[in-house]
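One structure below.
Only a predicted model underlies this, so the values are computations on that prediction, with no experimental measurement involved. Below, chain A is the first sequence line, B the second, and so on; all start at residue 1.
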2 protein chains.
Amino acid sequence: MSTQEPPGTQERLVRSTQELLWERGYVGTSPKAILERAGVGQGSMYHHFSGKSALALAAIRRTAEELKQASEECLDAPGTAYDRVAAYLLRERQVLRGCPVGRMTQDRDVVQSAELRRPLDEMFDWLRERITEVLTEGQRRGELAAALDPAATAATVAAVVQGGYVLARAADDTAPFDAAVQGVLALLAAQVPAVG
Amino acid sequence: MSTQEPPGTQERLVRSTQELLWERGYVGTSPKAILERAGVGQGSMYHHFSGKSALALAAIRRTAEELKQASEECLDAPGTAYDRVAAYLLRERQVLRGCPVGRMTQDRDVVQSAELRRPLDEMFDWLRERITEVLTEGQRRGELAAALDPAATAATVAAVVQGGYVLARAADDTAPFDAAVQGVLALLAAQVPAVG
DNA sequence: GTCTATAACAAGATAGAC
DNA sequence: GTCTATCTTGTTATAGAC
């Protein structure tokens, strides 16, 4: 397992598609560009996949799964609920590139296809649910005010990250992302009962 | 002023482009689609505008200006700082269509063009600045805790809206948007000093 | 499995008539 | 100012050789 064989043709196609979907979106990504980046001919692509949308589906599923695992590493860490949510909010990101999953929600062809949208839906649904669990657990332990609504707050946390990307890309500067994260962290810190 | 003459060719072109950019983004919008929606021939478009990007620039500027005015109506209203920010967060939106300005930040060709990105930058910069002013004013009046960081909180508020759109479109459901808004409103309400 | 050739159509812009 | 060709290039897919 995980012996480092060089990736096969199919694998290279999926990885190239992941990169291009992140950079250019679904509409902006042509099969030709995928083939050039993967270094394979057109015949190979249509042998392994029925077309652009099938390849995009494989790539989107992969990207969503990778993002889920990276997020779970932060949210599953030891520490208080605040610490774990802070770890998620502060995890290393390529902010100006935007979110590889969130980006897809702005693509008409993706959102209008039930199949292509499903991985996005599942990923964000899982994320909100997982943050809700962490916050609920924090309340049980007395780390967070009982008045806090875990589900609503979880949606806020997820939205701050996705919206932070938008503000940062508009400004061509990561500062608005960092400010938005600091803002929600400060609001959340105020929900932590004072010690003693 | 504002006598209801039917819109001229140039005006129809700009409005059609605004609609299409919102629906399909820059890459997904073809001159042909614009012409068909505006009901004019190709010659008219290239007479009034040098090409697709010039027309997009006019449309983006218009959309940003319209959104700025709609936001200002909420933030300029009478009431406490909390009320005014709440009015902005709760203002009527076509959530599943996404933000017509924020949407553009996911378009490679837009973000990479200094000219096309500028209206987005100015709009969001103004928005954060304006919310910062409202929050600062609230602090001066004793309506909000002095410990609150107005600029960071303003970025959070703007990000929640933009991120809410992303979550809602992923879910094909406005619920995550509403939850994110309710979450940040509750966190903000906790910053309002108790009366008496 | 992988390649090149080719087809059918759309994008984006230009030319020139009216 | 507006219209209809026309041009060049790119997109997406298929065909058939190797």
Side-chain angles (χ1 to χ4, degrees), chain A residues 5-60 103-104 106-113 115-117, chain B residues 5-61 103-104 106-117:
Chain A
E5 294 176 54
T9 298
Q10 196 168 343
E11 178 65 17
R12 288 212 307 284
L13 283 166
V14 172
R15 291 188 190 174
S16 298
T17 307
Q18 286 184 274
E19 292 174 14
L20 284 163
L21 287 180
W22 192 4
E23 292 170 17
R24 309 185 188 178
Y26 183 82
V27 185
T29 297
S30 68
K32 189 187 174 193
I34 295 171
L35 301 173
E36 282 173 359
R37 186 165 300 203
V40 305
Q42 249 170 346
S44 296
M45 173 181 142
Y46 285 101
H47 173 76
H48 291 291
F49 298 94
S50 63
K52 177 180 173 176
S53 70
L55 185 42
L57 179 59
I60 290 173
R103 200 240 169 283
M104 296 290 98
Q106 302 304 321
D107 234 307
R108 198 167 202 257
D109 294 359
V110 171
V111 178
Q112 284 192 346
S113 155
E115 208 175 19
L116 291 177
R117 187 177 58 78
Chain B
E5 295 177 53
T9 299
Q10 195 169 344
E11 178 66 16
R12 286 213 308 284
L13 283 166
V14 172
R15 290 188 190 173
S16 298
T17 306
Q18 285 184 275
E19 292 174 15
L20 285 163
L21 287 180
W22 192 5
E23 291 170 20
R24 309 185 189 178
Y26 184 82
V27 185
T29 296
S30 68
K32 189 187 175 194
I34 295 171
L35 302 174
E36 282 172 0
R37 187 165 299 205
V40 304
Q42 248 170 348
S44 296
M45 173 181 140
Y46 285 102
H47 173 76
H48 292 290
F49 298 95
S50 62
K52 178 181 171 177
S53 70
L55 186 42
L57 179 59
I60 291 174
R61 279 181 176 156
R103 200 241 167 282
M104 295 290 99
Q106 303 303 322
D107 234 307
R108 198 167 204 256
D109 294 0
V110 172
V111 178
Q112 285 192 345
S113 154
E115 207 174 20
L116 291 177
R117 186 176 59 77

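Residue Thr9(B) places none of its side-chain N or O atoms closer than 4.0 Å to OP1 or OP2 of dG1(D). When the side-chain nitrogen and oxygen atoms of His48(B) are compared with OP1 and OP2 of dT2(D), one or more of them lie within a distance under 4.0 Å.
Rounded to the nearest 0.5 angstrom, Leu57(B) CG and Glu115(B) CD are separated by 5.0 Å. Rounding to the nearest 0.5 Å gives a distance of 10.5 Å between CD1 of Ile60(B) and CZ of Arg103(B).
To the nearest angstrom, C1' of dA17(C) lies 16 Å from NE2 of His47(B). Residue Glu11(B) contributes atom CD, which lies 17 Å from atom C1' of dG1(D) at whole-angstrom precision. Between Phe49(B) atom CZ and dT2(D) atom C1' there is a gap of 15 Å when expressed in whole angstrom units. dG10(D) atom P lies 15 Å from atom CG of Leu35(A), rounded to whole Å. Rounded to whole Å, the distance from CZ on Arg24(B) to P on dA11(C) is 9 Å. Protein atom CD1 of Ile34(A) is 17 Å distant from nucleotide atom P of dG10(D), rounded to whole Å.
Thr17(B) places no side-chain N or O within donor-acceptor distance of the main-chain N or O of Ala59(B), the cut-off being under 3.5 Å.
Applying the 6.0 Å contact sphere to CD of Glu11(A) captures more than 12 heavy atoms from other residues, nucleotides or ligands.
Not counting sequence neighbours, the partners of Val40(B) by the side chain to side chain contact (heavy atoms under 4.5 Å, CB included) test are Thr9(B), Arg12(B), Leu13(B), Leu35(B), Ala38(B), Ser44(B).
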Might you list the N or O atoms of the protein lying below 3.5 Å from N or O atoms in nucleotides 12-16 of chain D, with each pair's distance?
{"unit_1": "dT12(D)", "atom_1": "OP1", "unit_2": "Lys52(A)", "atom_2": "NZ", "d": "3.2"}
{"unit_1": "dA13(D)", "atom_1": "OP2", "unit_2": "Tyr46(A)", "atom_2": "OH", "d": "3.1"}
{"unit_1": "dA13(D)", "atom_1": "OP2", "unit_2": "Lys52(A)", "atom_2": "N", "d": "3.3"}
{"unit_1": "dA13(D)", "atom_1": "N6", "unit_2": "Gln42(A)", "atom_2": "OE1", "d": "2.9"}
{"unit_1": "dA13(D)", "atom_1": "N6", "unit_2": "Gln42(A)", "atom_2": "NE2", "d": "3.1"}

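Each salt bridge (charged side-chain N to carboxylate O under 4.0 Å, His left out) pair with one or both residues in residues 32-54 of chain A, not counting sequence neighbours, appears once here: Glu19(A)-Arg37(A), Glu23(A)-Arg37(A).
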